[in-house]
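Notes for the one structure printed next.
Remember, predicted model here, so these are calculated numbers, not experimental data.
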Amino acid sequence: MIDTGRIDIVSADSLPEPTRDDLSRGQRIHLLGPFDRVAIEVFGLPELSRQVQLDANGQIGLPLAGQIEAAGKTPQELEQLVTEQLRSRYVRDPQVTVSVLEMVSQVVTVDGEVRQPGLYPVTGAMTLMRAVARAQGTSEFAQTSHVVLFRTVEGRQMAALYDLRAIRLGAYEDPPIMPQDVVVVGESQARRIFPQIITASSLLLTPLVTFLDRR
């Protein structure tokens, strides 16, 4: 449940992108997270090469290199870290390659009046319309004019109100979706947050963005 608290409309534009700190808490598409699987190859040293899965704390264990904090790092950053660890254990000029085999930490939650609510991976250029499509589209009686996108930016919860009809008509761009976003399709959640703004018949020609102030 998302606590809306006191609401102030702060912008009539799209939600800002989350910072690296936000994404490392929720893990973005290019950042490794718990339970992701990677292949670590050490050139010329097959005994040090293996496929590993990050544990619940985002760590991996490797021969000689020991325990390594991998969560929140890009594959390239993990390559550098493993290289440094091996070099410190007297491996001469280690050449390390990290490849992502499976990324399960980067998801968006799609809920409300969609055919298949659930968690869906954020891959490539994910947008709001694509996220709804991943959930098999809206249900028969969905209020597509009342779609709320929740996001945490610099530690603060924000919400944006979108109208799928307006996006289809080209009134504004289909907004990008980031890992850990929550999309809720339907009137009830929208009316809780934007009660003085939305109406059942109006077309929302620009997104409405607000902070969810818990103070």
Side-chain angles (χ1 to χ4, degrees), residues 1-31 106-139 141-215:
M1 181 68 67
I2 296 177
D3 182 8
T4 59
R6 182 173 61 81
I7 300 301
D8 295 312
I9 302 300
V10 297
S11 173
D13 203 351
S14 60
L15 284 170
E17 289 196 8
T19 65
R20 184 183 176 94
D21 286 343
D22 298 320
L23 294 171
S24 63
R25 279 191 289 269
Q27 311 313 320
R28 195 178 179 178
I29 184 68
H30 298 301
L31 301 180
Q106 316 298 291
V107 296
V108 57
T109 301
V110 185
D111 202 358
E113 297 172 6
V114 292
R115 297 185 186 277
Q116 291 187 10
L119 302 176
Y120 294 92
V122 178
T123 56
M126 174 74 82
T127 65
L128 178 60
M129 294 288 287
R130 291 178 181 177
V132 172
R134 286 280 184 89
Q136 302 302 309
T138 57
S139 61
F141 301 106
Q143 292 284 345
T144 58
S145 59
H146 307 133
V147 179
V148 183
L149 173 59
F150 295 97
R151 179 177 298 164
T152 298
V153 179
E154 296 184 342
R156 295 193 68 182
Q157 279 194 323
M158 301 184 71
L161 179 65
Y162 293 96
D163 188 332
L164 298 186
R165 302 170 304 168
I167 295 174
R168 293 189 182 104
L169 291 172
Y172 49 85
E173 292 185 359
D174 188 8
I177 293 294
M178 302 294 175
Q180 309 308 313
D181 282 353
V182 177
V183 175
V184 181
V185 178
E187 182 177 2
S188 60
Q189 189 73 276
R191 286 195 178 277
R192 286 182 56 200
I193 301 172
F194 303 92
Q196 286 84 31
I197 297 169
I198 67 171
T199 63
S201 59
S202 65
L203 184 68
L204 187 66
L205 295 178
T206 183
L208 298 173
V209 179
T210 183
F211 285 113
L212 305 184
D213 194 343
R214 293 187 173 187
R215 292 176 295 176

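Contact between A159 and V148 at its shortest, heavy atoms only, is CB-CG1, 4.0 Å. The two residues V184 and G112 make their nearest non-hydrogen contact at CG1-CA, 4.5 Å. Closest of all the heavy-atom pairs between Y120 and A135 is OH-CA, 3.5 Å. The two residues Y162 and A160 come nearest to each other via the heavy atoms CE1-CB, 3.4 Å. Shortest non-hydrogen contact noted between R165 and S145 is NH2-CB, 3.2 Å.
Contact annotation: the side chain of D111 never approaches that of V182 to less than 4.5 Å [non-hydrogen atoms, C-beta and beyond]. Inter-residue side-chain proximity for P121 and M126 is flagged as unmet; no heavy-atom pair is nearer than 4.5 Å. Between V209 and M158 the shortest side-chain heavy-atom distance falls below 4.5 Å. Side-chain contact between V185 and E113 is present, with heavy atoms from C-beta onward closer than 4.5 Å. Two residues are said to be in side-chain contact when any heavy atoms from C-beta on lie closer than 4.5 Å; T210 and L212 meet this criterion. A 4.5 Å side-chain heavy-atom check between V110 and R134 finds every atom pair outside the cut-off. Side-chain contact between L128 and L164: present, with at least one pair of heavy atoms (C-beta onward) separated by less than 4.5 Å. A heavy-atom distance below 4.5 Å is not found between the side chains of M178 and V122.
Atom OG1 of residue T206 and atom CG of residue L161 lie 10.5 Å apart, to the nearest 0.5 angstrom.
Side chain of R130 to backbone of I177: no donor-acceptor contact under 3.5 angstrom is found.
For residues 168-181, every residue pair satisfying the salt bridge (charged side-chain N to carboxylate O under 4.0 Å, His left out) rule, not counting sequence neighbours, is listed here: R151-D181.
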